[in-house]
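Side chains included, hydrogens not; waters and symmetry mates left out as well; all remaining heavy atoms used.
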Amino acid sequence: QLQLVESGGGLVQPGGSLRLSCAASRLILDYYAIGWFRQAPGKEREGVSCISSSGGRTNYADSVKGRFTVSRDIAKNTVYLQMNSLKPEDTAVYYCAALRASSSAYTSLERADFDLWGQGTQVTVSS
């Protein structure tokens, strides 16, 4: 019911691309914004991207702006994070998370704002 499942992680060369998927229930997609976060060993979990429940607004961290794209496919109950021009510093465990918001246009990159979390998928960018 209320769960998120990430997939699509793996090993990719610098400059390569990867697409992560976050499977969620229709209920979550209707009422929750979906965020992507990442955490490297020894570092804090940081917000990467977010898409509003309406799908009409997106938000990105400065470090990934212009390289990453978040999108929704309601028919497949899935939110995607397309990652292009990957760099070694993108290496981390990536998590999707859900935020219940009062506005369908609301987005956030704040970890404390999110109510539900997936288990994470490893992304490694290396030669």
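In Glu44, the CD atom is not crowded: 12 or fewer heavy atoms of neighbouring residues, nucleotides or ligands sit closer than 6.0 Å. Around the CD atom of Gln122, the shell of radius 6.0 Å holds more than 12 heavy atoms that belong to other residues, nucleotides or ligands.
Among all heavy-atom pairs drawn from Ala98 and Ile28, the shortest one is CB-CG2, 4.0 Å. Nearest heavy-atom pair, Ala105 versus Arg57, reported as atom, atom and distance to 0.1 Å: O-NE, 2.7 Å. Taking each heavy atom of Ala61 and Gly47 in turn, the nearest pair found is CB-O, 3.4 Å. The nearest pair of heavy atoms linking Thr107 to Ser52 is CG2-N, 3.7 Å. In this structure, Ser108 and Asp113 approach most closely via the heavy-atom pair OG-OD2, 2.7 Å.
You'll find the side chain of Ser7 stays beyond 4.5 Å of the side chain of Thr121, heavy atoms only. Put simply, the side chain of Ser85 reaches to within 4.5 Å of the side chain of Arg67, judged on heavy atoms. The shortest side-chain heavy-atom distance between Ser49 and Leu81 falls under the 4.5 Å cut-off. Looking only at side-chain heavy atoms (C-beta outward), Val125 and Gln13 stay at 4.5 Å or farther from each other. Looking at Arg111 and Trp117, their side chains come closer than 4.5 Å, going by heavy atoms from C-beta outward. Annotation: side chain of Pro88 is in contact with side chain of Pro14 (closest heavy-atom distance under 4.5 Å). By the 4.5 Å heavy-atom criterion applied to side chains, Met83 and Thr69 are not counted as neighbours. Taking 4.5 Å as the limit, every side-chain heavy atom of Val12 sits out of range of all side-chain heavy atoms of Thr124.
The hydrophobic cluster containing Leu2 also contains Val79, counting ILVMFWY residues as joined when their side-chain heavy atoms lie under 4.5 angstrom apart, directly or transitively. In terms of hydrophobic clustering, with Ile, Leu, Val, Met, Phe, Trp and Tyr side chains grouped at heavy-atom distances under 4.5 Å, Leu27 and Leu4 are assigned to a common cluster. With hydrophobic clusters built from ILVMFWY side chains whose heavy atoms lie under 4.5 angstrom apart, Trp36 shares a cluster with Leu18. Leu109 and Val123 fall into different hydrophobic clusters, where Ile, Leu, Val, Met, Phe, Trp and Tyr residues are linked whenever their side-chain heavy atoms come under 4.5 Å apart, directly or through other members. Hydrophobic cluster membership is shared by Leu20 and Phe68, with clusters built from Ile, Leu, Val, Met, Phe, Trp and Tyr side chains linked at under 4.5 angstrom.
Rounded to the nearest 0.5 Å, atoms OH (Tyr32) and OG (Ser25) are 8.5 Å apart.
For Thr58, the side chain to side chain contact (heavy atoms under 4.5 Å, CB included) partners two or more places apart in sequence, or in a different chain, are Ile51, Tyr60, Val70.
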- request: In sequence, state the C-alpha distance, the side-chain angles, and the governing distance for Leu29 and Ile74, and then conclude on side chain to side chain contact (heavy atoms under 4.5 Å, CB included).
  value: CA-CA 7 Å; Leu29 294 178; Ile74 302 302; 4.2 Å; yes

- prompt: Would Glu6 and Ser21 count as a side chain to side chain contact (heavy atoms under 4.5 Å, CB included) if you check the C-alpha gap in whole Å, the side-chain angles of each, and the deciding distance to 0.1 Å?
  reply: CA-CA 6 Å; Glu6 305 97 331; Ser21 299; over 6 Å; no

message: Could you walk me through whether Arg100 and Tyr31 satisfy the side chain to side chain contact (heavy atoms under 4.5 Å, CB included) test, starting with their C-alpha distance in whole Å, then the side-chain angles of each, then the deciding distance to 0.1 Å, before giving a yes or no?
response: CA-CA 6 Å; Arg100 179 67 184 266; Tyr31 297 105; 3.9 Å; yes

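Using a 4.0 Å cut-off between charged nitrogen and carboxylate oxygen, Lys65 and Asp62 count as a salt-bridge pair.
The aromatic rings of Phe37 and Phe114 sit perpendicular, their planes meeting at an angle over 60°, well past the 30° parallel limit.
Annotation: cation-pi pair Arg38/Tyr95 absent, no NZ/CZ under 6.0 Å from the ring centroid and within 45° of its normal.
Between the side chain of Arg72 and the main chain of Ser53, a donor-acceptor pair closer than 3.5 Å is present.
Inspection of the Asp73 and Thr78 side chains reveals no N or O donor paired with an N or O acceptor under 3.5 Å.
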